[in-house]
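Basis for what follows: all heavy atoms, side chains included, without hydrogens, waters or symmetry-related copies.
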2 protein chains.
Amino acid sequence: MQRRNTIQRQLVLSAVRRLACHASAEQIYEEVLKEHPNISKTTVYMNLELLAEMGEINRVETATGPALFDHITKKHYHIRCKVCSRYFDMDMDVIEGLEKKINDRQGFDIEGYDIIFSGICPACKAAMNKKSPKPHKP
Amino acid sequence: MQRRNTIQRQLVLSAVRRLACHASAEQIYEEVLKEHPNISKTTVYMNLELLAEMGEINRVETATGPALFDHITKKHYHIRCKVCSRYFDMDMDVIEGLEKKINDRQGFDIEGYDIIFSGICPACKAAMNKKSPKPHKP
DNA sequence: TTCCTTATTTGTAATTATTACTAATAAGGA
DNA sequence: TCCTTATTAGTAATAATTACAAATAAGGAA
């Protein structure tokens, strides 16, 4: 299936790069709207999907809340704050040779993996220490 | 907050154990219905949440589709099939000392992590090799 | 350049999964 | 037995995404 270079796809890609964070489809949609006021939300979803598949952007696997998209395509891990539910990049080297630890004898074709840490972010920790738990909300 | 031992909570727990698989709240609800025909879906959701928090069951972090619940509470990893979207247990030893690899200087309190592999399951692979892609659907 | 195929877009409706809310119920201690 | 309040049931609302169909437009062919 040939791929066409549409203005919408370009705008979605540059919005993800401009936001330079873990952005949801909704946020990216809002961002693109500024330049292209009648883009459809469906188009944004569709292009995020395609761009991730093409390797132009990175989809962050989120267990709760909306899927997040990331301009950094270099492999890295994430941590989710249990209090505010935000996702952060993890400061950690990529584990080399993880696939060698797999004993699988069932015959899976393994293509990749993600590691998601969970914990409490510095901001929420500080808020909790003040004994007035006011976690930072997204 | 004191915890009460309700029949509904017992039934949800035993349903998760009986199903002995990665079951969704919906599936667990259906299972409990057989014994307790007027349990509310809200109750099932609420108890799955509580039981996971209590460590009686395990919540599998899923990026797509419904949350899944697992009777196995021993730490283990999962793999998601990109074709049929099902989750499987990964045959692999738990990585020791993963937290030592973390360089974090921002001050996260890290409580745990999950690894989710992605790939193609044996059933889908076989279906694709027959040149008639009929992936097993959940 | 014009035409043609079909990938893509739009906009709306539907769906899926979960949570919010409230009144009724019942667990378990006093 | 009574009382407090955790829990339940049932319904409505929400959030995130997908399905669908008709209109549009990218880019290769003529």
Does either side chain, that of [X] or that of [Y], offer a donor lying less than 3.5 Å from an acceptor on the other one?
{"X": "B/His76", "Y": "B/Asp70", "value": "yes"}
{"X": "A/Asn5", "Y": "A/Gln10", "value": "yes"}
{"X": "B/Arg80", "Y": "B/Thr64", "value": "yes"}
{"X": "B/His22", "Y": "B/Asp89", "value": "yes"}

Item to complete: Determine yes or no for a side-chain-to-main-chain donor-acceptor pair under 3.5 angstrom, with A/Lys125 supplying the side chain and B/Gly107 the backbone.
Response: yes
Worksheet item: Do the side chain of B/Arg9 and the main chain of B/Arg4 share a donor and acceptor less than 3.5 angstrom apart?
Response: yes
Gap between atoms [atom1] and [atom2], on [X] and [N] respectively (whole Å):
{"X": "A/Gln2", "N": "C/dT5", "atom1": "CD", "atom2": "P", "answer": "14 Å"}
{"X": "A/Ile7", "N": "D/dA25", "atom1": "CD1", "atom2": "P", "answer": "12 Å"}
{"X": "B/His36", "N": "C/dA26", "atom1": "NE2", "atom2": "C1'", "answer": "12 Å"}
{"X": "A/Arg9", "N": "D/dA25", "atom1": "CZ", "atom2": "C1'", "answer": "13 Å"}
{"X": "A/Gln10", "N": "D/dG27", "atom1": "CD", "atom2": "C1'", "answer": "14 Å"}
{"X": "B/Arg3", "N": "C/dG29", "atom1": "CZ", "atom2": "C1'", "answer": "17 Å"}
{"X": "B/Tyr29", "N": "C/dT16", "atom1": "OH", "atom2": "P", "answer": "16 Å"}

Response to the item:
Closest to the side chain of A/Thr6, out of C/dA26, C/dT10, D/dA26, is D/dA26
Worksheet entry | B/Arg4 side chain, from C-beta outward: closest of D/dT8, C/dG28, C/dA7 | C/dG28
Item to complete: Would you classify B/Glu26 as touching base, sugar-phosphate or nothing, given that sugar-phosphate means primed atoms plus P, OP1 and OP2, and contacts are heavy atoms under 4.0 Å?
Response: nothing
Fill in: Presence of salt bridge, B/Arg18 and B/Glu35, under 4.0 angstrom
yes
Practice prompt. Considering only NZ, NE, NH1 and NH2 on the basic side and carboxylate oxygens on the acidic side, decide whether A/Lys101 and B/Asp91 come within less than 4.0 Å.
Written response: no
Response to the item:
So, with a heavy-atom separation below 4.0 Å from DNA chain D, the residues of residues 37-71 of chain A are A/Thr42, A/Tyr45, A/Pro66, A/Ala67
Discussion item. Taking Watson-Crick (N1-N3 plus N6-O4 or O6-N4) and G-U wobble (N1-O2, O6-N3), each under 3.5 Å, can you produce the dot-bracket string of DNA chain C? Use [ ] for crossing pairs and | for inter-strand ones.
Written reply: ||||||||||||||||||||||||||||||
Fill in: Aromatic ring pairing B/Phe117/A/Tyr113, orientation class (parallel under 30°, perpendicular over 60°, tilted between)
tilted
Practice prompt. Using a cut-off of strictly less than 4.0 Å, decide whether B/Gln8 has a side-chain nitrogen or oxygen near OP1 or OP2 of C/dA26.
Written response: no
